[in-house]
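See below for the structure under consideration.
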Amino acid sequence: MNKDIAVSIKNVSKKFHLPEDNYGSIKMKFLSSRRGHAKRNEYEAIKDIDLDIKNGEFIGILGRNGAGKSSLLKMIAGIYQPTTGSISVNGRLVPFIELGVGFNKNLTGRDNVYLNGAMLGFTREEIDKMYDSIVDFAELHKFMNQKLRNYSSGMKVRLAFSIAIKADADILLLDEVLAVGDAAFKRKCYEYFNQLKERKKTIIFVTHNMAAVSDYCDRAVVLEAGRVAFDGKPLEAVENYFQLFSPQQDNGQKEKKVVIDDVSVKVEGDKITFEIDASNKTDKIIEDVVVRVAVKKQNGRAVAGFDNKNIEVPYEIDFSPTESKHLVFESLNILGSGSYSVNVSLRASAGDSFTGEDDEDDNNLSEFYDSSLNAAHFTIKKDGSNAPIILPAKVGNKES
Amino acid sequence: MKTKIISRYEYAIILIKEMVRADFKVKYQQSVLGYFWSVLRPLFLFCILYAVFTVGLKVGGDIEHWPVALMAGIVMWQFFTDVTKSGMRSIVSSGGLLRKIKFPRYTVVIASTISSFISLLINLILVAVFALFSGVPVLSTLPATIFVIIEIFVLGLGLAFFLSAVNVKFRDISHIWDILIRGMFYASAIIFPISHIADAGEKGAFAAKILLLNPVAQSIQDFRHLAINPEIDSLWTLSNGNALLYLIPVFFSLFMIVFGGWYFRKKSPYFAEDA
């Protein structure tokens, strides 16, 4: 294997057998073999994935629930065996994918440090030496002789994290570790991530936190239904991830009824003007189209958004047959300094989606027409703070 | 932070130590009598069985030191049921752990077996106390039982490996095992001396020999014969010193650990998804 490659995943598939009833029994085995076949469903969680992860790479793995992220991580960790294909790991890999493995709620915090430490391969003597620094980091001095069952979930995570960072390895696997914990704890996590990055560790990070992906990852992979749907730059991966949630994915073959032709954004003084050209591609009237605009920071974080039903003076947009429209929205410039991009989407109003036409997709979502990701970019320069702002924010900074 | 390279077995030993420690703490820390419970359980069982069978039904009362022999049988039997039952559950009940971390799966079963074995050692002290009160020169006879103890440990571990792996796929093995073990309790001649069967004519003598081919029965009777009263029959005395017959139970124990270990190893890569 190439020395630069930390983890090499080759043609890996994973099938799970889902028996009809949850637990097998000898009785069932006997009955079903007499009938000649065992009733069970097969579920392919991972389908033929090829992936090379380089040394020192901080790689994010994104995807919807059930896309196969955790299964992939577990196979890399060696917890699950691939059904076909092979995974080779070059370097020392942390064997766990979650914090606090082996924690026993009936033992004290102190006992759990030793137990969890053993899981990471530390002897008692080694833990004796690092015990104080673990407790210091977790800030749990008063609670170490309490049973874990009396800990809050935040305290448990702090303790687990403080032990986990003692585990030294070349390749780390992190599955949604940031899902719990308060702001202060999250900051600690991020500091630790930065340290890991500086020390050129290879990190494989499964998460739904898109901000963390764009902030930390060098590369991101989007999994969809067990396959790699995207592999590349984190920002593009985040876009790709959000696209998974647009209904377009479901009926991609369908011809678009209304399309976005052009989007532009102008920043003038205290005003931002969004201009959108859209046209009706059918020879029917299309009533009540909702035009939604989302403004995002460069790292993918959405900072503002509106649609024509959700503005100061809401109004309805109707298209006559084959009509093209030029829509203009004006807004106060309340954004901080920085680069922004705009996503635009067109869909039928949720309130009244029944048009008398063939409604093939009568899911309770309103009909989706078209979307344009990163349709336009713009930059704002202000004197004041360039902190990301969250609406509502102060208005009144002058453009420089 | 230092980089530490440890071998697979070093890791397994660290894990087993901590698991056994945790198991003991959890088991006894919340009870007032703590560790004594592991001694009290066989003691109570002894009182009941002694009252019903030895005093009530006059079974074995004519044998010298029979109460000690009864106690020894109970203690060894308790180890056998403990080790197989908790061993059988061990993999399934640590399913959460198996799904989150890669570690040698056999450590779970070995830790569970060692926990049971520690209880056995504590209980054997109880037997020794009984023996001293009964006037058995136990300090000189007990060392002879070491091979018997090893044999039942090996058998228990082998069965624990096999049953824990089977239990992952077939949960009703625990019900089947419950029934089997109930039958074995009587077939192992714990509450009555094996001579009751052996002395019942030709057929009885043959049946006693067959029963003693079961390593649990054989090891219990051997323990009684070696440590408590040489007049208590064992496979050796019943077969007039036929050493070849010993090969069967001993071989079965060895076979069980090899087969159980092999089966466990074969199935263990899939425990995480099935347990």
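Proteins come first, then strands; the chains are lettered A, B, ... in the order of their sequence lines, and each starts at number 1.
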Task: Which portion of Ile13(B) sits near chain A, non-hydrogen atoms under 4.5 angstrom - done: neither
Open item on the list: If I measure from the heavy atoms of chain A, does Tyr270(B) come under 4.5 Å with its side chain, its backbone, both, or neither?
Closed with: side chain
Task: Interatomic distance, Thr123(A) atom OG1 to Glu10(B) atom CD [nearest 0.5 angstrom] - done: 8.5 Å
TODO: Could you tell me the separation between the CG atom of Asp23(B) and the CG atom of Leu107(A), rounded to the nearest 0.5 Å?
DONE: 9.5 Å
Open item on the list: As an exercise, state the distance from CD1 of Ile14(B) to OH of Tyr114(A), rounded to the nearest 0.5 Å.
Closed with: 13.5 Å
TODO: May I ask you to check whether over 12 heavy atoms, not counting those of Lys47(A), lie within 6.0 Å of atom NZ?
DONE: yes
Open item on the list: Show, in sequence, the C-alpha distance, side-chain angles and deciding distance for Met119(A) and Lys100(B), and conclude whether the side chain to side chain contact (heavy atoms under 4.5 Å, CB included) test is met.
Closed with: CA-CA 11 Å; Met119(A) 282 285 163; Lys100(B) 282 172 198 153; over 6 Å; no
Task: Region of Arg105(B) that comes under 4.5 Å of a non-hydrogen atom in chain A - done: side chain
Task: Stepwise side chain to side chain contact (heavy atoms under 4.5 Å, CB included) test for Leu97(B) and Val101(A) - done: CA-CA 6 Å; Leu97(B) 195 58; Val101(A) 281; 4.1 Å; yes
Open item on the list: Counting only non-hydrogen atoms closer than 4.5 Å, does Phe16(A) touch chain B with its backbone (N, CA, C, O), its side chain (CB onward), both, or neither?
Closed with: side chain
Task: Straight-line distance of Ile79(A) CD1 to Ile101(B) CD1, nearest 0.5 Å - done: 7.5 Å
- [ ] Look up atom CG in Asn104(A) and atom CE in Met19(B), then write down how far apart they are to the nearest 0.5 Å.
- [x] 11.5 Å
Task: Closest non-hydrogen atom pair, Asp111(A) against Lys25(B) - done: OD1-NZ, 2.8 Å
Task: Residue pair Leu120(A) / Tyr11(B): nearest heavy atoms and the distance that separates them - done: C-CE1, 4.4 Å
Task: For Glu273(B), the option from Lys74(A), Lys14(A), Lys15(A) that meets salt bridge (Lys or Arg N to Asp or Glu O under 4.0 Å) - done: Lys14(A)
Open item on the list: Just checking Lys102(B): does its NZ atom have more than 12 heavy atoms from other residues, nucleotides or ligands closer to it than 6.0 angstrom?
Closed with: no
